[in-house]
Number of protein chains: 2
Amino acid sequence: MEEREISRAVIGRLPRYYRYLGELLDAGVERISSNDLSKKMSVTASQIRQDLNNFGGFGQQGYGYNVKYLYTEIGKILGLNREHNMIIIGAGNLGQALANYASFEKSGFHLKGLFDVNPRLEGVSIRGIPVRMMDDLKTFLKHNDIEIAALTIPKSKAIEVADILVASGIKAIWNFAHTDLNLPEDVIVESVHLSDSLMKLSYNISRYNEEHGK
Amino acid sequence: MEEREISRAVIGRLPRYYRYLGELLDAGVERISSNDLSKKMSVTASQIRQDLNNFGGFGQQGYGYNVKYLYTEIGKILGLNREHNMIIIGAGNLGQALANYASFEKSGFHLKGLFDVNPRLEGVSIRGIPVRMMDDLKTFLKHNDIEIAALTIPKSKAIEVADILVASGIKAIWNFAHTDLNLPEDVIVESVHLSDSLMKLSYNISRYNEEHGK
DNA sequence: TAGATTGTTAATCGATTAACAATC
DNA sequence: TAGATTGTTAATCGATTAACAATC
(Lines give C-alpha, C1' and ligand atoms only; values in the text may rest on other atoms or scores of the structure.)
Protein backbone atom coordinates (compact mmCIF):
# COMPACT_ATOMS: atom_id res chain seq x y z
CA MET A 1 0.00 0.00 0.00
CA GLU A 2 1.52 3.22 -1.22
CA GLU A 3 1.33 5.77 1.60
CA ARG A 4 2.48 9.16 0.52
CA GLU A 5 3.53 11.37 3.38
CA ILE A 6 1.17 14.29 3.71
CA SER A 7 2.82 17.58 4.49
CA ARG A 8 2.34 19.33 7.78
CA ALA A 9 1.12 22.43 5.97
CA VAL A 10 -1.79 20.51 4.50
CA ILE A 11 -2.73 18.90 7.80
CA GLY A 12 -2.59 22.26 9.49
CA ARG A 13 -5.23 23.56 7.11
CA LEU A 14 -7.68 20.70 7.53
CA PRO A 15 -9.23 21.92 10.79
CA ARG A 16 -9.90 25.26 9.18
CA TYR A 17 -11.65 23.64 6.22
CA TYR A 18 -13.62 21.59 8.70
CA ARG A 19 -14.65 24.71 10.56
CA TYR A 20 -15.85 26.53 7.46
CA LEU A 21 -17.69 23.50 6.17
CA GLY A 22 -19.39 23.16 9.54
CA GLU A 23 -20.58 26.74 9.26
CA LEU A 24 -21.86 26.18 5.74
CA LEU A 25 -23.63 23.08 6.96
CA ASP A 26 -25.28 25.01 9.78
CA ALA A 27 -26.30 27.64 7.27
CA GLY A 28 -28.01 24.96 5.22
CA VAL A 29 -25.68 25.19 2.23
CA GLU A 30 -25.75 21.96 0.28
CA ARG A 31 -22.90 22.28 -2.17
CA ILE A 32 -19.95 24.54 -2.74
CA SER A 33 -17.30 24.93 -5.40
CA SER A 34 -13.64 25.27 -4.57
CA ASN A 35 -13.88 28.74 -6.03
CA ASP A 36 -16.66 29.95 -3.72
CA LEU A 37 -14.99 28.36 -0.71
CA SER A 38 -11.69 29.95 -1.65
CA LYS A 39 -13.28 33.39 -1.53
CA LYS A 40 -14.79 32.80 1.89
CA MET A 41 -11.54 31.50 3.29
CA SER A 42 -9.12 33.81 1.50
CA VAL A 43 -7.07 31.03 0.00
CA THR A 44 -6.74 29.90 -3.60
CA ALA A 45 -9.19 27.45 -5.11
CA SER A 46 -6.20 25.58 -6.43
CA GLN A 47 -4.89 25.04 -2.94
CA ILE A 48 -8.20 23.72 -1.71
CA ARG A 49 -8.43 21.18 -4.53
CA GLN A 50 -4.79 20.24 -4.17
CA ASP A 51 -5.17 19.78 -0.41
CA LEU A 52 -8.28 17.66 -0.64
CA ASN A 53 -6.87 15.48 -3.37
CA ASN A 54 -4.18 14.32 -1.00
CA PHE A 55 -6.91 12.25 0.58
CA GLY A 56 -9.10 11.38 -2.37
CA GLY A 57 -11.53 12.86 -4.83
CA PHE A 58 -14.38 14.25 -2.78
CA GLY A 59 -15.89 16.44 -5.46
CA GLN A 60 -17.65 16.07 -8.73
CA GLN A 61 -16.87 17.85 -11.96
CA GLY A 62 -19.43 20.44 -12.86
CA TYR A 63 -21.01 20.26 -9.41
CA GLY A 64 -18.43 21.05 -6.79
CA TYR A 65 -18.38 19.51 -3.32
CA ASN A 66 -21.29 18.28 -1.28
CA VAL A 67 -20.88 20.15 1.99
CA LYS A 68 -22.24 17.45 4.27
CA TYR A 69 -20.19 14.72 2.63
CA LEU A 70 -16.96 16.71 2.60
CA TYR A 71 -17.48 17.76 6.20
CA THR A 72 -17.90 14.16 7.26
CA GLU A 73 -14.93 12.96 5.24
CA ILE A 74 -12.59 15.59 6.64
CA GLY A 75 -13.90 14.68 10.07
CA LYS A 76 -12.87 11.09 9.44
CA ILE A 77 -9.43 12.15 8.24
CA LEU A 78 -9.02 14.13 11.44
CA GLY A 79 -10.05 11.12 13.51
CA LEU A 80 -13.25 12.72 14.74
CA ASN A 81 -15.23 9.60 13.98
CA ARG A 82 -13.46 7.84 16.83
CA GLU A 83 -13.83 8.20 20.55
CA HIS A 84 -10.82 9.54 22.42
CA ASN A 85 -10.41 9.16 26.15
CA MET A 86 -8.56 12.03 27.70
CA ILE A 87 -7.25 13.25 31.02
CA ILE A 88 -6.05 16.66 32.09
CA ILE A 89 -3.00 17.05 34.28
CA GLY A 90 -3.16 20.34 36.08
CA ALA A 91 -6.55 21.56 37.28
CA GLY A 92 -5.69 25.24 37.41
CA ASN A 93 -7.55 27.81 35.37
CA LEU A 94 -6.29 26.51 32.07
CA GLY A 95 -6.99 22.88 32.90
CA GLN A 96 -10.46 23.85 34.07
CA ALA A 97 -11.01 25.88 30.92
CA LEU A 98 -10.25 22.84 28.80
CA ALA A 99 -12.39 20.64 31.02
CA ASN A 100 -15.32 22.95 30.47
CA TYR A 101 -15.14 22.99 26.68
CA ALA A 102 -18.31 21.16 25.86
CA SER A 103 -17.44 21.20 22.17
CA PHE A 104 -14.57 18.77 22.68
CA GLU A 105 -17.01 16.26 24.08
CA LYS A 106 -19.16 16.65 20.98
CA SER A 107 -16.16 15.86 18.78
CA GLY A 108 -15.54 12.60 20.60
CA PHE A 109 -12.97 13.71 23.15
CA HIS A 110 -14.15 12.35 26.48
CA LEU A 111 -12.69 13.71 29.66
CA LYS A 112 -12.14 10.83 32.05
CA GLY A 113 -9.98 12.37 34.72
CA LEU A 114 -8.44 15.51 36.15
CA PHE A 115 -5.27 15.53 38.22
CA ASP A 116 -3.49 18.08 40.35
CA VAL A 117 -1.01 18.30 43.18
CA ASN A 118 -3.00 20.86 45.13
CA PRO A 119 -4.83 19.07 48.01
CA ARG A 120 -7.37 21.89 48.17
CA LEU A 121 -8.70 20.75 44.81
CA GLU A 122 -9.16 17.15 45.92
CA GLY A 123 -12.77 16.10 45.46
CA VAL A 124 -13.73 19.25 43.59
CA SER A 125 -15.64 18.25 40.50
CA ILE A 126 -15.70 19.82 37.07
CA ARG A 127 -18.48 18.71 34.77
CA GLY A 128 -18.91 15.74 37.07
CA ILE A 129 -15.24 14.73 36.92
CA PRO A 130 -13.53 14.81 40.31
CA VAL A 131 -10.05 16.21 40.62
CA ARG A 132 -7.71 13.46 41.72
CA MET A 133 -4.32 13.75 43.33
CA MET A 134 -1.22 13.10 41.26
CA ASP A 135 -0.31 10.14 43.49
CA ASP A 136 -3.27 8.30 41.99
CA LEU A 137 -2.21 8.90 38.39
CA LYS A 138 -0.33 5.67 37.75
CA THR A 139 -3.03 3.50 39.25
CA PHE A 140 -5.70 5.39 37.36
CA LEU A 141 -3.91 4.86 34.08
CA LYS A 142 -3.56 1.16 34.81
CA HIS A 143 -7.31 0.76 35.17
CA ASN A 144 -8.48 3.16 32.47
CA ASP A 145 -7.78 3.18 28.79
CA ILE A 146 -6.63 6.73 28.21
CA GLU A 147 -5.28 7.90 24.90
CA ILE A 148 -4.60 11.62 25.36
CA ALA A 149 -3.23 13.62 28.27
CA ALA A 150 -3.43 17.40 28.30
CA LEU A 151 -0.55 18.90 30.24
CA THR A 152 -1.60 22.16 31.84
CA ILE A 153 1.10 22.38 34.45
CA PRO A 154 4.13 24.60 34.87
CA LYS A 155 7.20 23.90 32.79
CA SER A 156 9.18 22.87 35.86
CA LYS A 157 7.04 19.76 36.33
CA ALA A 158 6.13 19.07 32.72
CA ILE A 159 9.07 16.96 31.64
CA GLU A 160 8.92 14.75 34.71
CA VAL A 161 5.17 14.22 34.39
CA ALA A 162 5.45 13.56 30.66
CA ASP A 163 7.86 10.74 31.40
CA ILE A 164 5.43 9.18 33.85
CA LEU A 165 2.65 9.43 31.29
CA VAL A 166 4.73 7.78 28.60
CA ALA A 167 5.81 5.02 30.95
CA SER A 168 2.13 4.43 31.71
CA GLY A 169 1.29 3.99 28.05
CA ILE A 170 -0.19 7.34 27.08
CA LYS A 171 -0.18 7.69 23.29
CA ALA A 172 -0.48 11.42 22.85
CA ILE A 173 0.24 14.55 24.84
CA TRP A 174 -1.41 17.91 24.34
CA ASN A 175 1.24 20.10 25.83
CA PHE A 176 0.54 23.56 27.22
CA ALA A 177 3.70 23.83 29.29
CA HIS A 178 6.23 26.42 28.23
CA THR A 179 8.78 23.86 27.11
CA ASP A 180 9.40 21.32 24.39
CA LEU A 181 9.03 17.68 25.33
CA ASN A 182 11.58 15.24 24.03
CA LEU A 183 9.75 11.95 24.06
CA PRO A 184 10.07 8.68 22.19
CA GLU A 185 9.01 9.22 18.62
CA ASP A 186 6.00 6.95 18.89
CA VAL A 187 4.46 9.39 21.36
CA ILE A 188 2.52 12.11 19.62
CA VAL A 189 3.03 15.59 21.01
CA GLU A 190 1.04 18.63 20.03
CA SER A 191 2.13 21.78 21.80
CA VAL A 192 0.28 25.01 22.36
CA HIS A 193 2.78 27.64 23.36
CA LEU A 194 0.68 30.60 24.38
CA SER A 195 3.60 32.88 24.99
CA ASP A 196 5.01 32.11 21.54
CA SER A 197 1.71 33.21 20.13
CA LEU A 198 1.70 36.42 22.15
CA MET A 199 5.24 37.16 20.97
CA LYS A 200 4.21 36.80 17.35
CA LEU A 201 1.44 39.29 18.04
CA SER A 202 3.92 41.61 19.65
CA TYR A 203 6.32 41.25 16.70
CA ASN A 204 3.59 42.29 14.34
CA ILE A 205 2.73 45.31 16.44
CA SER A 206 6.37 46.45 16.43
CA ARG A 207 6.61 45.92 12.71
CA TYR A 208 3.43 47.91 12.16
CA ASN A 209 4.64 50.73 14.37
CA GLU A 210 7.95 50.89 12.51
CA GLU A 211 6.23 51.11 9.18
CA HIS A 212 3.99 53.89 10.41
CA GLY A 213 6.80 55.77 12.03
CA LYS A 214 5.87 55.40 15.65
CA MET B 1 15.11 52.32 3.48
CA GLU B 2 14.95 48.86 1.97
CA GLU B 3 12.58 46.74 4.04
CA ARG B 4 12.58 43.16 2.91
CA GLU B 5 9.48 41.27 3.96
CA ILE B 6 10.35 38.59 6.48
CA SER B 7 8.54 35.33 6.00
CA ARG B 8 6.00 34.08 8.46
CA ALA B 9 7.95 30.86 8.86
CA VAL B 10 10.95 32.77 10.17
CA ILE B 11 8.89 34.85 12.58
CA GLY B 12 7.19 31.74 13.85
CA ARG B 13 10.56 30.33 14.85
CA LEU B 14 11.81 33.39 16.71
CA PRO B 15 9.94 32.73 19.97
CA ARG B 16 11.40 29.26 20.07
CA TYR B 17 14.92 30.59 19.63
CA TYR B 18 14.17 33.08 22.36
CA ARG B 19 13.00 30.32 24.65
CA TYR B 20 16.11 28.19 24.14
CA LEU B 21 18.41 31.14 24.53
CA GLY B 22 16.65 32.04 27.77
CA GLU B 23 17.30 28.55 29.05
CA LEU B 24 20.95 28.73 28.07
CA LEU B 25 21.19 32.07 29.80
CA ASP B 26 19.68 30.65 32.97
CA ALA B 27 22.14 27.79 32.75
CA GLY B 28 24.97 30.29 32.67
CA VAL B 29 26.09 29.50 29.12
CA GLU B 30 27.95 32.45 27.66
CA ARG B 31 28.32 31.60 24.01
CA ILE B 32 26.93 29.08 21.57
CA SER B 33 27.57 28.16 17.96
CA SER B 34 24.80 27.68 15.47
CA ASN B 35 25.88 24.07 15.30
CA ASP B 36 25.49 23.38 19.02
CA LEU B 37 22.19 25.23 19.13
CA SER B 38 20.96 23.30 16.11
CA LYS B 39 21.53 20.02 17.94
CA LYS B 40 19.64 21.18 21.00
CA MET B 41 16.72 22.43 18.96
CA SER B 42 16.66 19.75 16.27
CA VAL B 43 16.91 22.15 13.40
CA THR B 44 19.76 22.76 10.95
CA ALA B 45 22.55 25.16 11.80
CA SER B 46 22.06 26.62 8.37
CA GLN B 47 18.50 27.53 9.17
CA ILE B 48 19.48 29.23 12.40
CA ARG B 49 22.09 31.37 10.67
CA GLN B 50 19.78 32.10 7.77
CA ASP B 51 16.95 33.08 10.11
CA LEU B 52 19.06 35.36 12.26
CA ASN B 53 20.64 37.06 9.28
CA ASN B 54 17.25 38.32 8.26
CA PHE B 55 17.66 40.77 11.10
CA GLY B 56 21.37 41.39 11.13
CA GLY B 57 24.67 39.78 11.97
CA PHE B 58 24.52 38.87 15.61
CA GLY B 59 27.41 36.45 15.64
CA GLN B 60 31.12 36.51 15.22
CA GLN B 61 33.22 34.26 13.01
CA GLY B 62 35.23 31.76 14.95
CA TYR B 63 33.30 32.50 18.14
CA GLY B 64 29.62 31.91 17.59
CA TYR B 65 26.88 33.88 19.28
CA ASN B 66 26.94 35.57 22.63
CA VAL B 67 23.90 34.12 24.38
CA LYS B 68 22.99 37.19 26.40
CA TYR B 69 23.36 39.52 23.44
CA LEU B 70 21.42 37.33 21.05
CA TYR B 71 18.68 36.81 23.62
CA THR B 72 18.31 40.55 24.07
CA GLU B 73 18.34 41.25 20.35
CA ILE B 74 15.69 38.66 19.57
CA GLY B 75 13.68 40.11 22.43
CA LYS B 76 13.86 43.50 20.74
CA ILE B 77 12.81 42.05 17.40
CA LEU B 78 9.83 40.48 19.13
CA GLY B 79 8.94 43.80 20.72
CA LEU B 80 9.63 42.61 24.25
CA ASN B 81 11.59 45.76 25.02
CA ARG B 82 8.37 47.74 24.92
CA GLU B 83 5.50 47.89 27.34
CA HIS B 84 2.17 46.60 26.09
CA ASN B 85 -1.10 47.43 27.80
CA MET B 86 -3.61 44.69 27.53
CA ILE B 87 -7.17 43.83 28.46
CA ILE B 88 -8.97 40.52 28.53
CA ILE B 89 -12.53 40.21 27.29
CA GLY B 90 -14.15 37.20 28.87
CA ALA B 91 -13.28 36.41 32.47
CA GLY B 92 -14.13 32.72 32.35
CA ASN B 93 -11.59 30.03 33.06
CA LEU B 94 -9.51 30.80 30.01
CA GLY B 95 -9.54 34.54 30.58
CA GLN B 96 -8.58 33.98 34.19
CA ALA B 97 -5.83 31.59 33.16
CA LEU B 98 -4.31 34.27 30.95
CA ALA B 99 -4.77 36.89 33.65
CA ASN B 100 -2.80 34.73 36.06
CA TYR B 101 0.18 34.15 33.80
CA ALA B 102 2.79 36.07 35.70
CA SER B 103 5.32 35.49 32.94
CA PHE B 104 3.45 37.77 30.56
CA GLU B 105 3.84 40.61 33.00
CA LYS B 106 7.59 39.97 33.08
CA SER B 107 7.76 40.25 29.30
CA GLY B 108 6.13 43.68 29.36
CA PHE B 109 2.51 42.73 28.83
CA HIS B 110 0.54 44.58 31.46
CA LEU B 111 -2.99 43.56 32.23
CA LYS B 112 -5.07 46.69 32.72
CA GLY B 113 -8.60 45.39 32.64
CA LEU B 114 -10.87 42.35 32.57
CA PHE B 115 -14.36 42.39 31.14
CA ASP B 116 -17.29 40.03 31.20
CA VAL B 117 -21.06 40.02 30.78
CA ASN B 118 -21.69 37.88 33.83
CA PRO B 119 -22.89 40.15 36.69
CA ARG B 120 -21.78 37.56 39.24
CA LEU B 121 -18.20 38.33 38.31
CA GLU B 122 -18.60 42.07 38.85
CA GLY B 123 -16.12 43.28 41.40
CA VAL B 124 -14.24 40.00 41.55
CA SER B 125 -10.54 40.72 41.26
CA ILE B 126 -7.80 38.72 39.62
CA ARG B 127 -4.26 39.71 40.48
CA GLY B 128 -5.70 42.99 41.70
CA ILE B 129 -7.58 43.70 38.49
CA PRO B 130 -11.34 43.95 38.99
CA VAL B 131 -13.67 42.36 36.47
CA ARG B 132 -15.72 45.08 34.81
CA MET B 133 -18.98 44.77 32.97
CA MET B 134 -19.01 44.91 29.18
CA ASP B 135 -21.13 48.07 29.28
CA ASP B 136 -18.11 49.89 30.63
CA LEU B 137 -15.79 48.76 27.86
CA LYS B 138 -16.09 51.73 25.52
CA THR B 139 -15.66 54.27 28.30
CA PHE B 140 -12.72 52.35 29.68
CA LEU B 141 -11.00 52.31 26.31
CA LYS B 142 -11.55 56.04 25.94
CA HIS B 143 -9.67 56.74 29.16
CA ASN B 144 -6.96 54.10 28.93
CA ASP B 145 -4.34 53.52 26.31
CA ILE B 146 -4.77 49.85 25.51
CA GLU B 147 -2.90 48.15 22.72
CA ILE B 148 -3.92 44.51 22.92
CA ALA B 149 -7.23 42.82 23.68
CA ALA B 150 -7.39 39.12 24.36
CA LEU B 151 -10.73 37.68 23.28
CA THR B 152 -11.67 34.74 25.46
CA ILE B 153 -15.36 34.67 24.73
CA PRO B 154 -17.59 32.32 22.77
CA LYS B 155 -17.58 32.50 19.02
CA SER B 156 -21.17 33.80 18.96
CA LYS B 157 -20.10 37.09 20.57
CA ALA B 158 -16.58 37.36 19.21
CA ILE B 159 -17.21 39.10 15.91
CA GLU B 160 -19.49 41.71 17.46
CA VAL B 161 -17.06 42.45 20.28
CA ALA B 162 -14.11 42.60 17.90
CA ASP B 163 -15.90 45.31 15.95
CA ILE B 164 -16.42 47.35 19.11
CA LEU B 165 -12.75 46.96 19.99
CA VAL B 166 -11.61 48.08 16.57
CA ALA B 167 -13.97 51.04 16.63
CA SER B 168 -12.46 52.00 19.99
CA GLY B 169 -8.94 52.00 18.57
CA ILE B 170 -7.54 48.65 19.68
CA LYS B 171 -4.47 47.80 17.61
CA ALA B 172 -4.19 44.08 18.12
CA ILE B 173 -6.44 41.20 19.05
CA TRP B 174 -5.33 37.94 20.55
CA ASN B 175 -8.22 35.78 19.51
CA PHE B 176 -9.19 32.59 21.31
CA ALA B 177 -12.70 32.38 19.92
CA HIS B 178 -13.45 29.51 17.60
CA THR B 179 -13.82 31.71 14.55
CA ASP B 180 -11.75 33.81 12.18
CA LEU B 181 -12.07 37.56 12.53
CA ASN B 182 -12.29 39.64 9.39
CA LEU B 183 -11.04 43.00 10.47
CA PRO B 184 -9.47 45.97 8.73
CA GLU B 185 -5.97 45.04 7.68
CA ASP B 186 -4.33 47.53 10.00
CA VAL B 187 -5.65 45.55 12.96
CA ILE B 188 -3.31 42.76 13.95
CA VAL B 189 -4.97 39.47 14.75
CA GLU B 190 -3.26 36.47 16.24
CA SER B 191 -5.55 33.53 16.75
CA VAL B 192 -5.17 30.53 19.02
CA HIS B 193 -7.59 27.89 17.87
CA LEU B 194 -7.44 25.24 20.56
CA SER B 195 -9.77 22.87 18.81
CA ASP B 196 -7.69 23.07 15.63
CA SER B 197 -4.73 22.02 17.70
CA LEU B 198 -6.61 19.11 19.24
CA MET B 199 -7.70 17.99 15.78
CA LYS B 200 -4.13 17.93 14.57
CA LEU B 201 -3.29 15.75 17.55
CA SER B 202 -6.18 13.51 16.71
CA TYR B 203 -5.11 13.30 13.07
CA ASN B 204 -1.68 12.15 14.12
CA ILE B 205 -3.13 9.48 16.41
CA SER B 206 -5.26 8.12 13.57
CA ARG B 207 -2.32 8.13 11.23
CA TYR B 208 -0.20 6.31 13.77
CA ASN B 209 -2.89 3.72 14.39
CA GLU B 210 -3.27 3.08 10.66
CA GLU B 211 0.43 2.57 10.25
CA HIS B 212 0.50 0.14 13.12
CA GLY B 213 -2.55 -1.71 11.94
CA LYS B 214 -4.94 -0.83 14.69
C1' DT C 1 49.03 31.98 12.74
C1' DA C 2 45.67 28.12 12.55
C1' DG C 3 41.14 26.79 13.74
C1' DA C 4 36.56 27.79 14.20
C1' DT C 5 32.48 29.55 12.79
C1' DT C 6 29.89 33.07 10.80
C1' DG C 7 27.48 35.47 6.84
C1' DT C 8 26.03 34.73 2.39
C1' DT C 9 25.64 32.78 -2.17
C1' DA C 10 24.24 28.82 -4.78
C1' DA C 11 21.75 24.39 -5.11
C1' DT C 12 18.01 21.72 -3.79
C1' DC C 13 13.82 20.70 -2.27
C1' DG C 14 8.96 21.36 -1.36
C1' DA C 15 4.78 23.95 -1.54
C1' DT C 16 1.76 26.91 -4.01
C1' DT C 17 -0.36 28.50 -8.09
C1' DA C 18 -1.71 28.16 -12.88
C1' DA C 19 -3.52 25.71 -16.56
C1' DC C 20 -6.26 22.49 -18.76
C1' DA C 21 -7.97 17.97 -20.09
C1' DA C 22 -11.36 14.93 -18.10
C1' DT C 23 -15.97 14.44 -16.92
C1' DC C 24 -20.20 15.21 -14.48
C1' DT D 1 -25.44 18.85 -25.40
C1' DA D 2 -23.12 22.94 -23.25
C1' DG D 3 -21.44 24.74 -19.07
C1' DA D 4 -19.28 24.17 -14.90
C1' DT D 5 -15.94 22.54 -12.11
C1' DT D 6 -13.07 18.97 -10.61
C1' DG D 7 -8.63 16.25 -10.51
C1' DT D 8 -4.12 16.48 -11.92
C1' DT D 9 -0.01 17.82 -14.41
C1' DA D 10 3.21 21.48 -15.24
C1' DA D 11 5.21 25.99 -13.98
C1' DT D 12 6.43 29.06 -10.53
C1' DC D 13 7.64 30.59 -6.38
C1' DG D 14 9.60 30.41 -1.82
C1' DA D 15 11.94 28.11 1.88
C1' DT D 16 15.48 25.06 3.38
C1' DT D 17 19.92 23.11 3.06
C1' DA D 18 24.63 22.88 1.46
C1' DA D 19 28.86 24.95 0.54
C1' DC D 20 32.42 28.02 1.13
C1' DA D 21 34.83 32.44 1.20
C1' DA D 22 35.34 35.95 4.70
C1' DT D 23 37.01 36.89 9.06
C1' DC D 24 37.39 36.77 13.99
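Proteins get letters first, then strands, A, B, ... in listed order; numbering begins at 1 in each.
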Cation-pi, B/Tyr65 ring and B/Arg31 (6.0 angstrom, 45 degrees): no
Mutual orientation of the aromatic rings belonging to A/Phe176 and A/Trp174 [parallel < 30°, tilted 30-60°, perpendicular > 60°]: perpendicular
Parallel, tilted or perpendicular: ring planes of B/His193 versus B/His178, cut at 30 and 60 degrees: perpendicular
For C/dA15, the Watson-Crick or wobble partner whose two distances fall under 3.5 Å: D/dT12
Sugar-phosphate only, base, or nothing, as touched by B/Arg8 at under 4.0 Å among non-hydrogen atoms: nothing
Intermediate values then yes/no, salt bridge (charged side-chain N to carboxylate O under 4.0 Å, His left out), B/Lys171 and B/Asp186: CA-CA 8 Å; B/Lys171 305 276 172 39; B/Asp186 62 334; over 6 Å; no
Ring geometry between B/Phe58 and B/Tyr69 (parallel below 30°, tilted from 30 to 60°, perpendicular above 60°): perpendicular
Using nucleotides 12-14 of chain C, report all nitrogen or oxygen pairs with the protein that are shorter than 3.5 Å.
none

side-chain contact (heavy atoms from CB on, under 4.5 Å) partner of B/Tyr17, chosen from B/Ile77, B/Ile74, B/Leu70: B/Ile74
Whole angstrom value for the distance that separates C1' of D/dT8 from CZ of A/Phe55: 16 Å
Nucleotide paired to D/dT23 in any strand shown, Watson-Crick or G-U, under 3.5 Å: C/dA4
A/Arg132 to A/Phe140 six-membered ring, cation-pi geometry met (6.0 Å, 45°): no
B/Lys40 bridged to B/Glu23 by N-O distance under 4.0 Å: no
Nearest-angstrom distance from the residue atom CD1 of A/Ile48 to P of D/dT5: 13 Å
Summary of protein contacts for nucleotides 18-24 of chain D, nucleotide by nucleotide, where a base hit scores B, a sugar-phosphate-only hit scores S (4.0 Å, heavy atoms): BBB-BBB
Side-chain donor-acceptor pair present, B/Asn100, A/Asn93, cut-off under 3.5 Å: yes
Distance, rounded to the nearest Å, where A/Gln47 contributes CD and C/dA15 contributes P: 11 Å
First encountered from the 5' end of DNA chain C, between A/Asp51 and B/Gly57: B/Gly57
Spacing of B/Phe58 atom CZ relative to C/dT8 atom P, expressed in whole Å: 12 Å
Close approaches to DNA chain D from residues 21-37 of chain B, in residue order (heavy atom, under 4.0 Å): none
Rounded distance in Å - CG (A/Asn53) to C1' (C/dA15): 16 Å
B/Lys155 atom NZ: more than 12 heavy-atom contacts under 6.0 Å: yes
B/Asp180 versus A/Tyr20, side-chain donor and acceptor atoms under 3.5 Å: yes
